[in-house]
Amino acid sequence: MATVKLEKLTSIDAQLRLLAPGKVSEDDRLVEYDALLLDRFLDSLESLHGAEIRERVQEVYEHAAEYERTQDTNKLEELGKLLTSLDAGDSIVVTKAFSHMLNLSNLAEEVQIAYRRKIKKKGDLADESSAATESDFEETLRRLITDMKKSPQEIFETLKNQTVDLVLTAHPTQSVRRSLLQKHGRIRDCMTQLHAKDISADDKQELDEALQREIQAAFRTDEIRRAQPTPQDEMRLGMSYFHETIWKGVPKFLRRVDTALKNIGINERVPYNAPLIQFSSWMGGDRDGNPRVTPEATRDVCLLARMIAANMYFSQIEDLMFELSMWRCNDELNARAQEIHKQSKSDAKHYIEFWKRIPLSEPYRVVLGDVSDKLYYTRDRARQLLTSGVSDVPEEATFTHIDQFLEPLELCYKSLCDCGDRPIADGSLLDFMRQVSTFGLSLTKLDIRQESGRHAEVMDAITRHLGVGSYVEWAEEKRQEWLLSELKSNRPLFGSDLPKNDDIAAVLDALHVIAELPSDSFGPYIISMATAPSDVLAVELLQRACGVKKPLNVVPLFERLADLENAPASMTRLFSIDWYKERINGKQQVMIGYSDSGKDAGRLSAAWQLYKAQEQLKKIANDFGVKLTMFHGRGGTVGRGGGPTHLAILSQPPGTIDGSLRVTIQGEVIEQSFGEEHLCFRTLQRYTAATLEHGMHPPISPKPEWRALMDEMSVVATKEYRSVVMREPRFVEYFRRATPETEYGRMNIGSRPAKRNPKGGIESLRAIPWIFAWTQTRFHLPVWLGVGAAFKHVIEKDAKNLTMLKAMYNEWPFFRVTIDLLEMVFAKGDPGIAALYDKLLVSDDLKPFGEHLRKCYGETKDLLLKVAGHKDILEGDPYLKQRLRLRDPYVTILNVCQAYTPKRIRDPDYKATEKPHLSKDKPAAELVDLNPTSEYPPGLEDTLILTMKGIAAGLQNTG
């Protein structure tokens, strides 16, 4: 067992120091943290698989590090020969080792980031993980007062009325298994404690042993999901974040908000029922192209969430009861306690025996005991309904509405305040009330999402059955006319004799489940691929026809470029309809899609159209007196709208957030946002602070000449992007050969199929696997394609445009964030790696096409640096640059291994270099049999999946 010696150098450690010489600043300990974790891992690797494997891992690393220093692509082929010389078992071990080392490197970064934040050193704004982008909440308040001349009372009034709704989606981009994420958390904790001040020698030794134990446990855990998760599995995973961090994180954060307000002179707490933070979910409700999200799955996840919520409240209220042991109370609480005590004797079967023994001299406990009883039965009823579909628990013994739950808590709070015990009221009781107000009885509201074409198919079946024609063949005007006439009619739309295929039945059955379950279980009904007002009206009509007593708010999702362009006209028409205006009661939500818009037109054009659409939609809503909430469907990667949260919010068009923000938290971003308590706190702080700042100090609007230039560039960028992706006849074949897109589904990282239409081409491929495939090869084509052509066009047209672009970068937050994110993508890219994929996997006739794309990549990168005024990529962000350089060799190794593995899979005649098995004493071949059903040669499928997971971890992006 090795002891803690931070100065100890392995071969890999020495290479790390060559790649990242010196320290970025005095507070930088990243190389030190990285070296310690790798040293402990290599010790474990050697003990498990022998010294030869350790030596081979170090040899492989040295080849990759040499490539990173020289950029000599011949080194990649030498590395490939070395990797393909391994037999199946050793190949899996080596690949798994580097995937594991990347996860350890990420943990070293997290510990370093936490350390920097702790000592309050500020980094560059381009690095979201740096302290500067955290925008401490109190800092934001003080900046609003000093720089923007806002009064503390004005800030308080704005804050308590604003809402941030974070929507956890089921999008399959979290490639790391939950069991591994938990082990990673323990490694992070060990590292943090190991480097704490005033730690004793014994504590250090014990922590070091624990560190090595957790590192080995993580390595010995299978990284690969052997079965595709169900929607219920996804729901349980999502709920684990509530259980572990969000549940306690919300009251802790709101208490910090109170403290920050007090420090600027506001001696009033944020009301417990202020809608500051809300949570929603798509897990079990997002049926867009996912046949596994059945009506039964939706019912299950809603009941499961209600059961979990009641259980969490129930387990917590006992502590609250023991805390509120005082006897002084106001008359109202005393009367309630008397009433409950009397009722418990006459209706004993609905009261838990323990609480019947609470004396009347403890009135708070009596009242809270009654709450505890109802929570017990609320949980039991949900459990029985979930397991058998029926329950013997009467509904009157449970909480059926949030007001029933809050009323006795409010009664206790008021009594404490009336009796001079406000400090006690503002303790655990206030925290509990804030949890109840935030999470309700459903823990999180479930959004329902379905594609517009499915609704049209149902309406077509209905109109044909009624003998009035074919809905799908009608023009938009006729569709609206018929839908409105039916909405104004009281007659049933259809009966049990309606002919239904499976798809039609699934849509209607889902609506029947919504009608059956409590309305507070649901958020809005989202229509993906929305194109016209009839898409919204059709869902309104179907809800009524299926007996939904409290209809869900209907939210159109505008995704593709043409739909975003037409969105203002669609919403203008809807707001002009008297029936619809009355239905929405002055409030409307519109979702905009970053993923499919980027896939449709490229990132630059999509970003600009999303910006303009928001401006226009907001103006239209204001003209009709409607409060508009924009729902941002952002992904984790830049290609799907991802990026630094604080800066992304502050770069939105002025007036479009207006104290109300709804945004998706997807895939791996959920773990990055809520995986640890400090991450949860930081996430809530980020969103709240940025939303407040955007509302009280909106960013500047672009100058007319900037708009004109963006319009011109957008046209050129879209034309260039589509000419390659949609009109180049060689592109589809090139894409499928040059990337691991066809192997993506083997990762089992989500319940949803990779395509909406299994028989379709690129147009039917979901944005996640589309982005994922290009991210894996380090080419990132969807993000940059078209950008270079746009820059080149406007600069060649007029040299003054370069000066204007530089001014836009320096003065306009939207444009700066767009360019900075592109620069970060180029920092993670490597055309040399992409060329290796081409050389191994692409046919000779397609190789010139790949060379052309890589030439465009280089030209775009050079033009981007000119616009940003930078000589080198990330020159303004040394922290991120260092982090990427440290990870690059690991990622390169996995890239090379990944490029050669599909070659062996797709080309049966390809022969790898044969070499004897390395670890004879402790063979790794046992791992090969974990997937005995694979149609691939032994070990290749696991090796390929491990490279995918490792590269995703190294680039810190999946899809």
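Numbers here are sequence positions counted from 1.
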- prompt: Judged by modelled atom types alone, do Gln609 and Ser597 share a side-chain donor-acceptor pair under 3.5 Å?
  reply: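 No - no donor-acceptor pair under 3.5 Å links their side chains.
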query: Is it true that the side chains of Tyr67 and Asp888 contain a donor and an acceptor less than 3.5 Å apart?
result: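 Judged by distance alone, the side chains do not pair up.
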Exercise: identify the closest heavy-atom pair between [X] and [Y]:
X      : Y      : value
Gln614 : His632 : OE1-CE1, 3.1 Å
Val57  : Ala97  : CG2-CB, 4.3 Å
Pro813 : Leu650 : CB-O, 4.1 Å
Leu679 : Phe674 : CB-N, 4.4 Å
Thr95  : Leu946 : CG2-CB, 3.7 Å
Asp838 : Gly850 : OD2-CA, 3.3 Å

Counting N and O atoms only, with roles assigned by atom type, does the side chain of [X] sit under 3.5 Å from a partner on the main chain of [Y], one being a donor and the other an acceptor?
X      : Y      : value
Arg722 : Asp600 : yes
Thr718 : Val715 : no
Ser105 : Met101 : no
Glu823 : Leu874 : yes
Ser723 : Glu720 : yes
Thr70  : Asp72  : yes
Thr688 : Gln685 : no

query: Asn895 and Tyr837: side-chain hydrogen bond (donor to acceptor under 3.5 Å, both in side chains), yes or no, with the steps?
result: CA-CA 9 Å; Asn895 275 129; Tyr837 281 81; 3.1 Å; yes
query: Should we count CD of Glu677 as having more than 12 external heavy atoms under 6.0 Å?
result: no
task: Count the heavy atoms belonging to other residues, nucleotides or ligands that lie under 6.0 Å from NE2 of His697, then report whether that count exceeds 12.
output: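 It does not: His697 NE2 has 12 such atoms or fewer within range.
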Working to the nearest 0.5 angstrom, can you tell me the gap between [X] [atom1] and [Y] [atom2]?
X      : Y      : atom1 : atom2 : answer
Ile700 : Phe814 : CD1   : CZ    : 12.5 Å
Thr901 : Ile945 : OG1   : CD1   : 11.0 Å
Ile795 : Thr803 : CD1   : OG1   : 9.5 Å
Met808 : Lys703 : CE    : NZ    : 10.5 Å
Ile951 : Phe772 : CD1   : CZ    : 8.0 Å
Leu841 : Leu836 : CG    : CG    : 8.0 Å

Side chains of [X] and [Y]: does their closest heavy-atom pair fall under 4.5 Å?
X      : Y      : value
Glu66  : Glu78  : no
Tyr611 : Thr818 : no
His780 : Trp774 : no
Val60  : Phe98  : yes
Ser605 : Tyr721 : no
Leu647 : Asp820 : no
Lys612 : Met710 : no
Asn106 : Arg887 : yes

For the pair [X] and [Y], name the ring-plane relationship: parallel under 30°, tilted 30 to 60°, perpendicular over 60°.
X      : Y      : result
His100 : His184 : tilted
Phe826 : Trp784 : tilted
Phe815 : Trp812 : parallel
Phe849 : Tyr734 : perpendicular

- request: Could you give me the CA-CA distance, side-chain angles and deciding distance for His870 and Leu864, then say whether side chain to side chain contact (heavy atoms under 4.5 Å, CB included) is met?
  value: CA-CA 9 Å; His870 296 163; Leu864 184 77; over 6 Å; no
- request: Apply side chain to side chain contact (heavy atoms under 4.5 Å, CB included) to Thr892 and Arg778, showing your working.
  value: CA-CA 9 Å; Thr892 292; Arg778 311 267 291 279; 3.7 Å; yes
query: Would you call Arg142 and Asp147 a salt bridge, taking side-chain N to carboxylate O under 4.0 Å as the test?
result: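 No.
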- request: Quick one: do Tyr900 and Leu83 satisfy side chain to side chain contact (heavy atoms under 4.5 Å, CB included)? Show the steps, please.
  value: CA-CA 9 Å; Tyr900 277 89; Leu83 289 168; over 6 Å; no
task: Please test His694 against Gln652 for side-chain hydrogen bond (donor to acceptor under 3.5 Å, both in side chains), starting from the C-alpha separation and ending with a verdict.
output: CA-CA 8 Å; His694 188 282; Gln652 297 304 314; over 6 Å; no
message: Is there a side chain to side chain contact (heavy atoms under 4.5 Å, CB included) between Thr777 and Ile833? Walk through the geometry before answering.
response: CA-CA 7 Å; Thr777 64; Ile833 294 291; 5.7 Å; no
